[in-house]
Amino acid sequence: MAALIKATNITKVYHKTSVPVHAINNLSVEIAEGEFTAIVGPSGCGKTTLLNILGGLDQPTSGTVMIDGVDISRMKDSDLIDFRLHNIGFVFQAYNLIPVLTALENIEFIMLLQKRSRKERVARAKELLEQMNIADKADHRPGELSGGQQQRVAVARALASNPRFILADEPTANLDSVSTENLLDLMARINREQKATFIFSTHDQRVMDKARRLIRLVDGAIVSDDVRS
Amino acid sequence: MYLTLAYRNIWRNRRRTLITILSITFAVLLACIMRSMQLGSYDKMIENSVRFHTGYIQIHKKGYWDDKVIDNSMPMDTSVIQSMTRVPGVDAYVPRLESFALASHGTQTKGAMVMGIDPEREHQLTLLKDKVVEGRYLTSGDEGVMIGQGLAEYLKIGVGDTLVLLGQGYHGASAAGLYPVQGILRFPLPQQNDQLVYLSLPTAQWLYGADNMVTTVALLIDDPDHTEKIVRDIRSQIDMEEYEVMDWKELVPELVQNIELDNVSGRIMLWVLYLVIGFGMFGTYLMMTAERIYEFGVMIAVGMRRFRLQGLVFLEILMMSVMGVLAGICLSLPVLIYFNKNPIRFPEEVGEMVETFGMEPVYAFSLDPVIFTNQAYAIFFMAIILSGYPIWKIQRMKVVESMRL
């Protein structure tokens, strides 16, 4: 299967107080459409940096990142924002919903940025809330939802733009075990039924157990890449 | 949804937003009151000086204003008068024959300004009849005089006594006459009180040998704000080689200069006020930006273009400004309307002093719409300037760094 994401020889060097820190070290990886992949490793191994680079939030010091044949590693800031909007969904560790908008409006917001009609936005947002089993929370603001519910809204928001893939940075880090289990089941189902591509960064064993591919990082380099049946 | 988002965002920190809006409200309220008093005082100054003396517009023979002698008088040409009165906005005309003479009674003599007037028309313009403190007001057929109270006291003359006038008439003729005093007038301005002698127009023309001549035609107009247009219209109707048409700004340039000078100091005061409020507003925007940097980073990360985010923040700042301005105007409006209808009177001693300058001793309040629109412009201008900081910050922020906070 052709690679959806192809990162080649990427390096990321931070100059912290003039001492260079190699967060990513000449790393190459390919991810195909429909994968359910977890990037794992100890703290500071470069998981988040790799995710940021794959998601176009950060640019590599060297190397290229191709998404669907488009090189995003040297893209202009405004083009990159548009590219992210239409191609990448994000789920953050701290949910990062807009606190003054309701669950429905948070999901709608992404589609508003895509300039979709109000009718279409509301219909899609409601459909996603149904899928996430939180339709009854549509009019609740994030502050009125539990962590698990907020993260479901965040997943719905990530899916709302019909992205090519979804990046989730430690999505279960702030959740209890029941919420984690529910969220993982939900994402696995979406991956299975809708062929949505998920890439996680995590050090949560429960996430690793659900992932069909495990990329293990140490010191900014891949030390193992296991695909499970 | 952007409007909803902006509106909800500004109420995230309810207390801070309220303080910001209240500070704008207070600034607008204070500025409106200050400007209303200032513009109101200018209106009064203009009214006292122009409305009750020169009139808003005067027509003379060309050259009269530079050389005010009776030889520069002009005939009362009915066709010219008709052309002027036909101009929209001109309500009436007030003819005058003005010159100088020595006024004498008994052993006392003093230089006086003699004004030949049409008593009824003059009253329409300057409310002269109201200044009679003794005797009676002139009628057009009268052959007596009315004189200022100060002059009467100096000459030791009263109603019924005879005043001698001696001067130079039209084209070198001598002007001399005896006139019974019919009335004593009291003017607030000492120059007027100590110098003025009024005769009916035919009597003055007879005295100066200037039959059917006048030096000035003052115009009564419907609205002082129409002065410039009316002057333009009259200039297009009459022969400008023969006549000069002057508005009140040309007639009393020193008044215009005084107002302009005072206006500058008033504006400086306003800008100081706005500067103080501006720092308060800036503090709010600074905090609002600092505590939302992470959120801004997330919004850009998920696909919100920077200019949209900048627009959203500007909308929030604009909303707070609009609320502050509207509240300020709504609060100031009843205050200004009340004081416009019921001006504050000066305390007695100060009032008397003010009256000696020919001013009515009141703090007048203006309701000129420009008072309100200018405050709105000033606040919006500040909002635009101050929104520069969050806009700059959003433009410069790095998404990953801001989300690491």
Side-chain angles (χ1 to χ4, degrees), chain A residues 12 14 23 48-49 51-53 55-60 76-102 104-116 118 121-122 125 141-143 154 157-158 160-161 163 166-167 169, chain B residues 1-18 284 287-320 323 390-405:
Chain A
K12 183 70 187 178
Y14 293 113
T48 300
T49 304
L51 228 58
N52 286 342
I53 290 172
L57 296 176
D58 204 355
Q59 294 193 320
K76 228 168 58 177
D77 177 70
S78 54
D79 294 339
L80 205 48
I81 293 173
D82 279 349
F83 187 87
R84 286 198 300 266
L85 175 64
H86 292 100
N87 296 281
I88 309 170
F90 290 92
V91 179
F92 302 97
Q93 180 180 332
Y95 330 126
N96 295 341
L97 300 172
I98 298 171
V100 294
L101 297 183
T102 63
L104 187 89
E105 288 166 341
N106 261 289
I107 301 166
E108 247 195 281
F109 184 69
I110 292 293
M111 294 181 276
L112 174 78
L113 296 176
Q114 289 181 318
K115 298 188 179 115
R116 284 153 75 172
R118 177 161 166 71
R121 290 193 321 248
V122 173
R141 292 193 184 182
R157 179 178 70 178
S161 60
I166 292 151
L167 292 174
D169 186 13
Chain B
M1 189 186 256
Y2 287 117
L3 274 176
T4 311
L5 185 55
Y7 181 78
R8 288 184 192 166
N9 272 335
I10 64 174
W11 294 109
R12 280 161 80 162
N13 192 327
R14 193 174 292 269
R15 187 181 299 175
R16 192 176 59 205
T17 299
L18 273 175
T284 301
M287 290 301 294
M288 204 170 88
T289 308
E291 66 193 24
R292 285 169 65 196
I293 283 291
Y294 184 94
E295 182 183 313
F296 291 160
V298 172
M299 290 172 107
I300 295 172
V302 298
M304 188 171 196
R305 292 278 285 262
R306 286 175 201 264
F307 78 89
R308 281 190 202 283
L309 187 54
Q310 288 162 335
L312 179 71
V313 173
F314 181 67
L315 202 59
E316 291 170 19
I317 290 173
L318 203 63
M319 275 183 179
M320 281 194 267
M323 286 182 210
I391 285 173
W392 173 79
K393 196 79 184 164
I394 290 168
Q395 192 60 41
R396 301 253 312 179
M397 66 186 276
K398 301 240 184 302
V399 176
V400 173
E401 283 173 20
S402 65
M403 288 172 65
R404 237 184 247 138
L405 290 171

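In what follows, chains are A, B, ... by sequence order, proteins preceding strands, each numbered from 1.
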Task: Heavy-atom contact with chain B under 4.5 Å, split by part of A:Ile110 - done: side chain

Open item on the list: For chain B, which candidate among A:Ser78, A:Ser161, A:Ala158 shows the most heavy-atom pairs at distances under 4.5 Å?
Closed with: A:Ser78

Task: chain B contact via A:Asn52 - side chain, backbone, both or neither, heavy atoms under 4.5 Å - done: side chain

Task: Which atom of A:Ile98 lies closest to which atom of B:Met299, heavy atoms considered - done: CD1-CE, 3.7 Å

Task: Region of A:Phe92 that comes under 4.5 Å of a non-hydrogen atom in chain B - done: side chain

Open item on the list: Quick check: do A:Asn96 and B:Tyr294 have side-chain heavy atoms less than 4.5 Å from each other?
Closed with: yes

Task: Toward chain B, the part of A:Glu105 with a non-hydrogen atom under 4.5 Å - done: both

Task: Rounded distance (nearest 0.5 Å) linking atom CD1 of A:Ile81 with atom CZ of B:Arg308 - done: 11.0 Å

TODO: Calculate, to the nearest 0.5 Å, the distance between atoms CG and CG belonging to A:Leu101 and B:Leu5 respectively.
DONE: 5.0 Å

Open item on the list: Could you tell me if the side chain of A:Phe90 sits less than 4.5 Å from the side chain of B:Val298, heavy atoms only?
Closed with: no

Open item on the list: Does A:Arg118 have more than 12 heavy atoms from other residues, nucleotides or ligands lying within 6.0 Å of its CZ?
Closed with: no

Task: Side chain, backbone, both or neither of A:Pro99 within contact of chain B (heavy atoms, under 4.5 Å) - done: side chain

Open item on the list: With a sphere of 6.0 Å drawn around NZ of B:Lys393, does it hold more than 12 non-hydrogen atoms of other residues, nucleotides or ligands?
Closed with: no

Open item on the list: Just verifying a value: how many Å separate B:Met403 CE and A:Asp58 CG, rounded to the nearest 0.5 Å?
Closed with: 11.0 Å

- [ ] State, to 0.1 Å, how close B:Val302 and A:Leu85 come at their nearest heavy-atom pair, and which atoms those are.
- [x] O-CD1, 3.7 Å

Task: Minimal non-hydrogen separation, A:Arg84 against B:Ala301, with atom names - done: NE-O, 2.9 Å

- [ ] Please round to the nearest 0.5 Å and tell me the distance separating atom CG of B:Leu309 and atom CG of A:Leu113.
- [x] 10.0 Å

Task: Rounded distance (nearest 0.5 Å) linking atom CG of A:Asp77 with atom CZ of B:Arg305 - done: 8.5 Å

Open item on the list: I'd like to know whether CE of B:Met287 has more than 12 heavy-atom contacts from other residues, nucleotides or ligands below 6.0 angstrom.
Closed with: no

